[in-house]
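This report refers to the structure that appears directly beneath it.
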There are 2 protein chains.
Amino acid sequence: MKSTTPSRKTSRAAYLAHIPAAEAALRGKADRVTQPRVAILACLMSMDHAASHFDVAQALATHHPIDRVTVYRVLEWLVEKGIAHRIAGDDRVWRFMVGAPRAPVATHHQHAHFTCTDCGQTFCLDDVPTKFDFKLPSGFKPAEVDLKFRGRCSHCA
Amino acid sequence: MKSTTPSRKTSRAAYLAHIPAAEAALRGKADRVTQPRVAILACLMSMDHAASHFDVAQALATHHPIDRVTVYRVLEWLVEKGIAHRIAGDDRVWRFMVGAPRAPVATHHQHAHFTCTDCGQTFCLDDVPTKFDFKLPSGFKPAEVDLKFRGRCSHCA
DNA sequence: TGCTTATTGCAACTCAGTTTGTATTTGCAA
DNA sequence: TTGCAAATACAAACTGAGTTGCAATAAGCA
């Protein structure tokens with residue numbers, strides 16, 4: 001078992017700093033604001049890139065160890081509640097990030113994903129201004145768009 | 001084990017009709033034109049939607065059974081040779097289609113993928129005329145784009 | 001036809017993720 | 001503070017996609 005995002009781990013300080021924000025974000029959405037939920041959400045918030053379940057579990061391992069099944073369940077629950085969203089990677093591993101899910105068609109500001117071919121990390125690029133001019137074959141009724149880039153990220157360029 | 005694309009299977013007639021074309025496509029690219037390669041490529045050619053390894057194996061099961069490992073290897077080999085390309089699905093399954101791979105950035109005609117939320121099938125939409133006007137955050141150097149739609153396909157609309 | 005070697009078939013394996021079940025803990029409200 | 005439902009921990013078994021190693025086969029060529 002190896003980390004899917006080897007470099008640039010979340011610092012513990014950054015994680016702790018996001019705990020209040022994580023709690024606040026959960027207050028409205030959750031019946032119960034539990035420690036694992038807060039910890040996992042704070043962990044996601046402190047990252048600038050998408051994290052796999054394993055990344056999350058490992059990031060919290062020393063400070064606040066959480067059962068891997070719970071990590072799975074909480075991450076799925078965060079997605080269900082619209083607090084986070086997940087991205088299918090090229091390596092069949094789900095990665096998670098805080099924020100809105102897939103963007104509806106016909107917005108001019110697109111939520112895009114950028115996967116670095118160098119360091120392997122996936123970033124969310126919010127508000128990518130794109131002008132779509134779709135001419136899909138007749139009969140195809142799109143509801144959502146996913147925009148995915150591959151290339152060099154700002155850290156590896 | 002369930003099929004990933006339950007409806008609208010490849011008919012055997014359509015598959016047989018594509019065998020000569022498949023052989024011709026392989027002649028230039030392959031050292032050896034083997035039966036599994038021809039069969040699998042003909043199978044891909046006869047489909048109008050993306051097929052998983054399992055779909056291919058199942059489609060050929062009765063007429064021309066091929067070991068599932070061979071299906072994996074041949075499909076990967078087809079991608080490597082530029083004869084087919086693969087798409088990462090939302091269910092952690094690779095799907096394959098004949099044709100060119102990912103489009104480079106800065107082309108105005110985009111090779112897009114459309115996944116139907118109803119029947120679950122993924123289609124390739126070639127030559128989708130899109131006018132991209134990317135403004136990625138500074139430092140991000142994109143090399144490839146993936147454009148992915150979700151919605152209702154022409155069969156389910 | 002026989003030779004050579006790429007390719008195939010088979011079996012066993014890895015790995016991410018899921019499921020189930022039970023005992024325990026904990027958030028929250030009465 | 002107490003009671004209770006919801007959530008977590010832990011263990012274990014399971015699923016399903018994809019991989020690896022090796023012996024057997026068959027495509028192309030002389």
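Between His113(A) and His85(A), the angle of the ring planes stays under 30°, which puts this pair in the parallel group of the 30/60° scheme.
In this structure His63(A) satisfies the ring pair (Phe, Tyr, Trp, His ring centres under 6.0 Å) test together with Tyr15(A), sequence neighbours excluded. With sequence neighbours excluded, the residues that form a side chain to side chain contact (heavy atoms under 4.5 Å, CB included) with Lys81(A) are Trp77(A), Ile83(A). In this structure, the side chain to side chain donor-acceptor pair (under 3.5 Å) partners of Asp118(A), at least two apart in sequence or on a different chain, are Arg152(A). Here Arg92(A) pairs with nothing under the salt bridge (Lys or Arg N to Asp or Glu O under 4.0 Å) rule; sequence neighbours left out.
Going from atom CZ of Arg68(A) over to atom P of dA11(D) covers 12 Å, rounded to whole Å. Between Glu23(A) atom CD and dG27(C) atom P there is a gap of 10 Å when expressed in whole angstrom units. Rounded to an integer number of Å, the gap from Arg37(A) CZ to dA9(D) P is 11 Å. Taking atom CZ of residue Arg86(B) and atom C1' of nucleotide dG18(D), one finds them 10 Å apart after rounding to whole Å. Glu80(B) has its CD atom 14 Å from the C1' atom of dA6(C), to the nearest Å. Rounded to whole Å, atom P of dA17(D) lies 10 Å from atom CG of Asp55(B). Residue Leu78(B) contributes atom CG, which lies 10 Å from atom P of dT8(C) at whole-angstrom precision. Following rounding to the nearest Å, Asp91(A) (CG) and dT19(D) (C1') show an atom-to-atom distance of 15 Å.
Picking from dG9(C), dA16(C), dT8(C) the nucleotide with the shortest atom distance to the side chain of Asp67(B) gives dG9(C). The side chain of Ile66(B) approaches dG9(C) more closely than any other nucleotide in the set dG9(C), dA7(D), dT8(C).
Residues Val98(A) and Met47(A) have side chains not in contact (no heavy-atom distance under 4.5 Å, counting atoms from C-beta outward).
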**Report entry** Sugar-phosphate or base contact per nucleotide [nucleotides 20-30 of chain D; S, B, -; heavy atom under 4.0 Å]
**Finding:** BB----BBS--

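Residue Trp94(A) has no polar side-chain atom (N or O) positioned under 4.0 Å from OP1 or OP2 of dA16(C).
With hydrogens and angles ignored, no donor-acceptor pair under 3.5 angstrom links the side chain of Arg92(A) to the base of dG18(D).
Identified under the salt bridge (charged side-chain N to carboxylate O under 4.0 Å, His left out) test for residues 13-22 of chain A, with sequence neighbours left out: none.
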